[in-house]
Amino acid sequence: MADIPLTRGQFLLPFVSILDDIGAPTDTLLENSRLPSSLEDKSELYIPLLPALRFVETAQRSQGIEDFGFLAAQRLHFSHLREKTRVLITHAPTLLVALRHACHWASREDTILSMWIEHHDDHVRICSRLAGTQGLLHLKHAQWIQNIFPIHITRQFAGPDWMPAAIAFESSYAPSRATRAAWPNVRFLSNQHAAWVSLPVSLLGLSNRSAACLPAPQDREDAPAAYGIVQLLKLMLPAYLDDGRTALADVAGIAGLSPRTFQRKLADLGLTYSDILDTVRYEHASGLLQDTDCRIIDVALSSGYSDPAHFSRAFRRMTGVTPRQFREQSRLG
């Protein structure tokens with residue numbers, strides 16, 4: 001299991017928008033769960049999964065929201081998947097190929113998510129599971145998100161009104177009456193070996209009905225592999241740079257590790273936490289300097305530096321030039 005399970009911030013946004021709609025203290029709930037603020041600006045970044053689940057459950061309980069996972073899933077669409085995955089699915093010749101793409105790249109949505117296809121006599125099940133989470137509470141929220149995307153993918157081929165014959169949950173979950181009314185012909189199952197949705201075998205050969213004109217995929221990313229702690233930190237830290245919570249103790253706590261264990265894991269790789277933080281700050285700052293007209297002071301603040309002079313010194317240490325010189329050189333080509 002990965003040391004720090006992560007999910008894309010995109011998947012927490014529907015929960016946040018529901019809370020905002022009812023006037024809940026969303027920022028306080030996020031802060032109490034040790035999650036970054038301003039998620040709307042960080043939707044493509046990665047956040048820690050387990051604190052996100054705790055945030056959703058705490059919000060549901062404190063605000064008296066029924067079936068929070070279902071309500072959030074209703075606000076997610078095919079467009080919320082990673083662009084690379086959407087492109088591959090859009091250009092897949094059949095639904096079966098599209099579902100195989102979704103399974104292959106599932107860990108790019110949640111780092112501990114696995115998806116697979118189970119074949120039965122006249123139907124298949126699109127299954128998913130978060131590795132190492134058996135027995136954890138509140139998984140029903142994540143499993144609604146896990147199940148909604150195979151449904152959206154299938155609708156790209158079978159039409160926007162397609163509904164599965166069954167939706168299954170690994171958790172002990174009983175949908176509310178309102179949820180059942182919204183899915184009147186769907187059978188709900190709980191305590192299954194995985195979360196899954198069922199579809200007829202006859203649909204697998206359908207071609208894509210989507211009129212979306214996305215560019216054909218170009219470069220092939222490296223195949224998904226086990227995420228090491230360095231890769232996980234580089235995915236997660238950008239969401240926290242402007243929050244002032246990048247101290248070693250804070251990040252270790254978010255990761256569910258003691259500071260000493262956290263340091264030891266990095267030391268075993270010959271690294272320190274400051275090495276990784278400097279790299280993440282540099283990558284973030286250099287991107288802004290090259291691709292935007294942000295003022296240097298705004299780049300510094302966005303990269304987690306309270307003092308522009310400190311930022312300039314750190315940047316020069318990494319590149320040999322000041323941020324302003326770097327911007328000028330990058331624009332000269």
Side-chain angles (χ1 to χ4, degrees), residues 2-20 24-59 62 110-111 227 229-259 261-263 265-266 271-289 291-292 294-315 318 323:
D3 291 306
I4 315 171
L6 303 178
T7 187
R8 288 173 62 228
Q10 189 78 254
F11 302 141
L12 201 58
L13 285 182
F15 297 99
V16 169
S17 68
I18 291 169
L19 292 172
D20 288 343
T26 309
D27 288 343
T28 299
L29 290 165
L30 286 168
E31 183 178 354
N32 290 343
S33 297
R34 309 179 80 171
L35 291 169
S37 58
S38 305
L39 279 176
E40 294 82 358
D41 301 326
K42 304 171 182 177
S43 61
E44 294 303 319
L45 300 178
Y46 288 81
I47 58 174
L49 173 63
L50 300 184
L53 289 175
R54 289 194 292 271
F55 159 78
V56 171
E57 181 64 18
T58 299
S62 66
D110 294 275
T111 58
Y227 286 77
I229 191 168
V230 175
Q231 290 89 340
L232 290 164
L233 287 170
K234 291 180 77 172
L235 286 171
M236 182 182 74
L237 282 172
Y240 287 87
L241 289 178
D242 63 353
D243 273 4
R245 284 187 286 170
T246 55
L248 186 149
D250 287 334
V251 174
I254 291 169
L257 302 170
S258 70
T261 299
F262 184 57
Q263 288 177 302
K265 285 179 174 290
L266 294 175
L271 295 170
T272 66
Y273 173 64
S274 62
D275 293 332
I276 298 169
L277 181 58
D278 284 345
T279 300
V280 170
R281 282 174 163 171
Y282 165 72
E283 292 175 349
H284 179 79
S286 63
L288 290 176
L289 290 169
D291 301 329
T292 76
C294 288
R295 297 181 305 163
I296 301 296
I297 187 172
D298 293 329
V299 174
L301 295 173
S302 177
S303 303
Y305 294 93
S306 57
D307 178 5
H310 181 200
F311 164 61
S312 186
R313 288 193 299 271
F315 194 90
M318 297 286 286

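This chain uses plain numbering: 1 for the first residue, then up along the sequence.
- Atom CD of Glu31 has 12 or fewer neighbouring heavy atoms from other residues, nucleotides or ligands inside a 6.0 Å radius.
- Paired with Leu233 under the rule side-chain contact (heavy atoms from CB on, under 4.5 Å), one option of Leu277, Leu266, Thr279, Leu6 passes, and it is Leu266.
- The side-chain heavy atoms of Phe55 and Leu19, taken from C-beta on, include a pair separated by under 4.5 Å.
- The distance from atom CG of Leu257 to atom CD of Gln263, rounded to the nearest 0.5 Å, is 11.5 Å.
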Next item on the list: Evaluate the side-chain contact (heavy atoms from CB on, under 4.5 Å) criterion for residues Lys234 and Glu283: first the C-alpha distance (whole Å), next the side-chain angles of each, then the deciding distance (0.1 Å), finally the verdict.
Entry: CA-CA 10 Å; Lys234 291 180 77 172; Glu283 292 175 349; 3.5 Å; yes

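- Of all heavy-atom pairs between Ser302 and His284, the closest is OG-NE2, 2.7 Å.
- Residues Pro238 and Leu235 come closest through the heavy atom pair CD-O, 3.6 Å.
- Atom CD1 of Ile4 is separated from atom CD1 of Ile47 by 13.5 Å, given to the nearest 0.5 angstrom.
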Next item on the list: Walk me through it: do Arg281 and Thr246 pass the test side-chain contact (heavy atoms from CB on, under 4.5 Å)?
Entry: CA-CA 11 Å; Arg281 282 174 163 171; Thr246 55; 3.9 Å; yes

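- Val299 has its side chain out of reach of Pro323: every pair of non-hydrogen atoms, C-beta onward, lies at least 4.5 Å apart.
- Contact record, Pro36 with Asp243: CA-OD2, 3.2 Å, taken as the closest heavy-atom pair.
- Of all non-hydrogen atoms in Leu29 and Ser62, the two that sit nearest each other are CD2-OG, 4.1 Å.
- The side-chain heavy atoms of Val230 and Leu271, taken from C-beta on, include a pair separated by under 4.5 Å.
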Margin query: Could you go through Asp110 and Thr7, starting from their C-alpha distance and side-chain angles, then the distance that decides it, and tell me whether this counts as side chain to side chain donor-acceptor pair (under 3.5 Å)?
Written below: CA-CA 4 Å; Asp110 294 275; Thr7 187; 2.4 Å; yes

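- Without hydrogens or angle criteria, Ser312 side chain to Ala309 main chain gives no donor-acceptor distance under 3.5 Å.
- Contacts of Tyr240 classified as ring-ring contact (aromatic ring centres under 6.0 Å, His included), with partners at least two apart in sequence or in another chain: none.
- To the nearest 0.5 Å, atom CG of residue Leu12 and atom CG of residue Leu30 are 6.5 Å apart.
- With hydrogens and angles disregarded, a donor-acceptor distance shorter than 3.5 Å links the side chain of Thr292 to the backbone of Leu288.
- Looking only at distances, a side-chain donor or acceptor of Lys42 sits under 3.5 Å from a matching main-chain atom of Ser37.
- For Arg8, the salt bridge (charged side-chain N to carboxylate O under 4.0 Å, His left out) test picks out Glu44, Glu109, with sequence neighbours left out.
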Next item on the list: Determine, step by step, whether Tyr273 and Leu237 satisfy the side-chain contact (heavy atoms from CB on, under 4.5 Å) criterion, reporting the C-alpha distance in whole Å, the side-chain angles of both residues, the deciding distance to 0.1 Å, and the verdict.
Entry: CA-CA 11 Å; Tyr273 173 64; Leu237 282 172; 3.7 Å; yes

Check: Could you go step by step and tell me if Thr26 and Asp20 meet the side chain to side chain donor-acceptor pair (under 3.5 Å) rule?
Finding: CA-CA 7 Å; Thr26 309; Asp20 288 343; 2.7 Å; yes

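- Of all the heavy atoms in Ala52 and Leu35, the pair that sits closest is CA-CD1, 3.8 Å.
- Considering all non-hydrogen atoms of both residues, Pro308 and Ala300 come closest at CA-CB, 4.2 Å.
- Without hydrogens or angle criteria, Ser33 side chain to Arg54 main chain gives no donor-acceptor distance under 3.5 Å.
- Going from atom CD of Gln231 over to atom OG1 of Thr111 covers 11.0 Å, rounded to the nearest 0.5 Å.
- Proximity of a side-chain donor or acceptor of Asp275 to a complementary backbone N or O of Thr272 within less than 3.5 Å is detected.
- Here Ile296 contributes atom CD1 and Phe315 contributes atom CZ; the two are 8.5 Å apart, rounded to the nearest 0.5 Å.
- Looking at Leu301, Leu45, Val280 one by one, the single match for side-chain contact (heavy atoms from CB on, under 4.5 Å) with Leu241 turns out to be Val280.
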